[in-house]
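Letters A, B, ... are given to chains in the order of the sequence lines, protein chains preceding strands, and every chain is numbered from 1.
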Amino acid sequence: MTSLPLIVLVGPTASGKSSLAIEVAELLISHGQGAEIVNADSMLVYRGMDIGTAKPSPAELSRVRHHLVDIMDVTQSASVAEFQDLARAAISDIRGRGSVPIMVGGSSLYVRAILDQFEFPGTDPAVRSQWQAELDRLGPEALHQVLAARHPQAAAGILPGNGRRIVRALEVIELTGDFSPILPEPDYALPDVRQFGLQLERAEMDARIEARVHQMWSDGLVDEVQRLAEQGLQGGLTASRGLGYQQVLAYLAGELTEDEAREATITGTRRFARKQLGWFSRDPRIQWLPAGDANNAALIAAGVGLIPSAVGD
RNA sequence: GGCAGCUUGCCCGAGCGGCCAAAGGGAGCGGUCUGUAAAACCGUCGGCACAGCCUACGAUGGUUCGAAUCCAUCAGCUGCCA
């Protein structure tokens with residue numbers, strides 16, 4: 001074959017993306033086709049964040065080669081732009097050795113940044129921290145005025161309460177002279193991309209999430225967070241915001257009871273899953289499959305033409 | 001058993017005679033998004049035949065032109081007294 005497809009698995013948390021990826025990979029491997037998994041999840045990259053991220057177990061990870069898992073300390077900040085580079089590099093390496101890359105992602109921005117025509121203006125820590133300081137001093141509304149004075153169009157596209165985006169816009173304007181708050185149209189930058197989404201009903205999704213969070217607690221999430229806290233988890237911009245981690249940190253700081261932390265993790269995860277659904281449902285290129293269906297791996301492998309279809313079509 | 005307090009919309013919680021369908025928060029629902037996206041932000045949020053009406057502030061009955069707000073009785077919860 002001339003080119004190998006890039007299989008992309010998306011869908012809400014707890015829909016079974018990670019294990020399906022392993023299944024698909026193993027199925028391909030059993031047909032003599034190499035396959036490797038690329039993680040596109042901002043939390044799985046962190047070493048030590050295992051229980052709360054529902055990271056595949058060491059045994060599962062050893063069954064199929066995984067990329068971009070356990071590559072950072074919790075004090076480092078993962079960022080989309082960095083992910084874009086790392087993931088694209090991993091994908092082309094995998095293809096280079098004749099294997100099929102299978103990417104698993106939970107957030108649309110990360111997935112699209114990797115797959116689509118998507119360019120990020122640079123960043124400068126000094127400039128950033130200067131505007132961040134301004135934000136702390138003036139508050140978001142006042143800073144929005146500053147932005148409006150410098151670049152009315154950018155300001156128009158950002159709500160006055162959204163301090164984070166205002167800071168970034170000011171940073172980019174200072175660096176490049178311009179800033180566009182508009183997301184580009186879907187347009188693949190990589191060849192042969194095939195996106196599959198796992199779909200499930202809300203009630204089912206909510207039930208899975210709740211069960212999963214309870215499981216995390218009994219698996220020792222609190223201990224895990226305690227351990228990570230000793231490594232400076234609170235200081236990590238991204239890692240400390242992870243669902244479950246954020247809440248347990250609040251519990252350990254005495255701001256929540258343990259029960260409240262667990263409940264907050266459940267509702268937070270539910271909200272996140274709904275947002276994921278929203279993001280992905282707007283991408284018409286995704287082909288949807290029912291989550292949990294035993295035939296999914298075969299359907300995907302056959303669907304991209306890598307194994308003969310068992311059902312015949 | 002006696003005394004004191006509490007009972008508000010899906011949840012938490014303010015209100016203490018009219019301006020109350022009832023502040024605020026959470027959840028839910030909808031939306032935004034280019035270097036923290038498991039983030040940040042915004043809208044909506046009792047029902048309907050919708051500038052009006054209906055239902056609603058533990059239950060029932062009263063006082064009042066008018067009550068979530070005052071009184072009485074009942075029910076449940078909490079604290080002190082045994």
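- Phosphate contact (OP1/OP2 of B/A37, side-chain N/O of A/Arg165, threshold under 4.0 Å): absent.
- Atom CG in A/Leu277 sits about 13 Å away from atom P in B/G28, given to the nearest Å.
- Of the side-chain N and O atoms in A/Thr269, none sit less than 4.0 angstrom from OP1 or OP2 of B/A38.
- Rounded to whole Å, the distance from NZ on A/Lys275 to C1' on B/C33 is 11 Å.
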Item to check | Nucleotide pairing, RNA chain B (Watson-Crick or G-U, distances under 3.5 Å), in dot-bracket with [ ] and | | outcome: ((((((((.[[[..)..(.....]]].(((((.......))))).(((...)))...[[[[[..)....]]]]]))))))).

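- When heavy atoms are screened at a 4.0 angstrom cut-off, A/Pro140 is found touching no nucleic acid atom at all.
- At a threshold of 4.0 angstrom between heavy atoms, the contacts of A/Thr53 include nucleobase atoms, whether or not backbone atoms are also involved.
- One interatomic measurement links the two molecules: CD1 of A/Ile266 to P of B/C11, which rounds to 18 Å at whole-angstrom precision.
- Nucleotides B/C81 and B/G15 place their C1' atoms 33 Å apart, quoted to the nearest Å.
- For B/G76 and B/A23, the C1' atoms lie 27 Å apart once the distance is rounded to whole Å.
- When distances run from any side-chain atom of A/Arg168 to the nucleotides B/A38, B/U34, B/C29, the shortest one goes to B/U34.
- Between the P atom of B/G25 and the CD atom of A/Glu263 lies a distance of 21 Å, rounded to the nearest Å.
- For the pair A/Asn162 CG and B/U32 P, the computed distance is 14 Å after rounding to whole Å.
- The same atom, C1', is picked in B/C11 and in B/U73; the two are 30 Å apart, to the nearest Å.
- Note on A/Arg202: every side-chain N or O is 4.0 Å or more away from OP1 and OP2 of B/G28.
- Residue-level contact check: A/Gly278 touches neither bases nor backbone, having no heavy atom under 4.0 Å from any strand.
- Using a 4.0 Å heavy-atom cutoff across all strands shown, A/Arg112 reaches no nucleic acid atom at all.
- On the C1' atoms, B/G13 is 12 Å away from B/A22, given to the nearest whole Å.
- At a threshold of 4.0 angstrom between heavy atoms, the contacts of A/Ser107 are confined to the sugar-phosphate backbone, with no base atom among them.
- Taking atom CZ of A/Phe272 as the reference point, atom C1' of B/U36 lies 14 Å away to the nearest angstrom.
- Of the charged side-chain nitrogens involved, at least one lies within less than 4.0 Å of a carboxylate oxygen, so that A/Glu134 and A/Arg137 count as a salt-bridged pair.
- Between A/Ser42 and A/Phe120, the residue whose closest nucleotide on RNA chain B is further toward the 5' end is A/Phe120.
- In this structure, a donor-acceptor pair under 3.5 Å is present between the side chains of A/Thr13 and A/Arg212.
- Using a distance-only test at 3.5 Å, with no hydrogens or angles considered, no donor-acceptor pair links the side chain of A/Asp73 to the main chain of A/Thr75.
- Base contact: A/Glu119 has a heavy atom under 4.0 Å from a base atom.
- Among the atoms of the strands shown, base atoms are found under 4.0 Å from some heavy atom of A/Gly122.
- The existence of a salt bridge linking A/Asp93 and A/Arg88 is excluded, since no basic side-chain nitrogen approaches an acidic carboxylate oxygen closer than 4.0 Å.
- Taking 4.0 angstrom as the limit, A/Arg128 places a side-chain polar atom (N or O) nearer than this to OP1 or OP2 of B/U36.
- Relative to the side chain of A/Ser79, the nucleotides B/U34, B/G35, B/A38 differ in distance, and B/G35 lies closest.
- A cation-pi arrangement is absent between A/Arg112 and A/Phe118 under the rule of less than 6.0 angstrom and at most 45 degrees off the ring axis.
- Comparing B/U34, B/A37, B/G35 by their closest approach to the side chain of A/Phe118 singles out B/U34.
- Rounded to an integer number of Å, the gap from A/Trp279 CH2 to B/G31 P is 14 Å.
- Look at the P atom in both B/G46 and B/C57: the space between them is 16 Å, to the nearest Å.
- Separating the CZ atom of A/Arg282 from the P atom of B/A37 is a distance of 18 Å, rounded to the nearest angstrom.
- Residues A/Glu171 and A/Gln246 each lie close to RNA chain B; by heavy-atom proximity, the contact nearer the 5' end of the strand is made by A/Glu171.
- Formation of a donor-acceptor pair under 3.5 Å by the A/Gln33 side chain with backbone atoms of A/Gly98 is found in this model.
- Residue-level contact check: A/Ala113 touches neither bases nor backbone, having no heavy atom under 4.0 Å from any strand.
- Salt bridge A/Asp70/A/Lys55: present, at least one basic N to carboxylate O contact under 4.0 Å.
- B/A4 and B/C10 have their P atoms separated by 33 Å, given to the nearest Å.
- Remark: the separation of the P atoms in B/C65 and B/G58 is 24 Å, to the nearest Å.
- Inspection of the A/Gln195 and A/Tyr188 side chains reveals an N or O donor paired with an N or O acceptor under 3.5 Å.
- Between A/Arg97 and A/Glu36 there is a salt bridge, since a side-chain N of the basic residue sits under 4.0 Å from a carboxylate O of the acidic one.
- Rounded to a whole angstrom, the distance from the C1' atom of B/A21 to that of B/A68 is 12 Å.
- Contact annotation: A/Arg271 does not reach the phosphate of B/C29 (side-chain N/O to OP1 or OP2, under 4.0 Å).
- Comparing B/A37, B/G35, B/C41 by their nearest atom to the side chain of A/Leu159 picks out B/C41.
- Between the side chain of A/Gln246 and the backbone N or O of A/Leu243 there is no donor-acceptor pair closer than 3.5 Å.
- The residue A/Tyr110 sits close only to the backbone: its heavy atoms come under 4.0 Å of sugar-phosphate atoms, none of a base.
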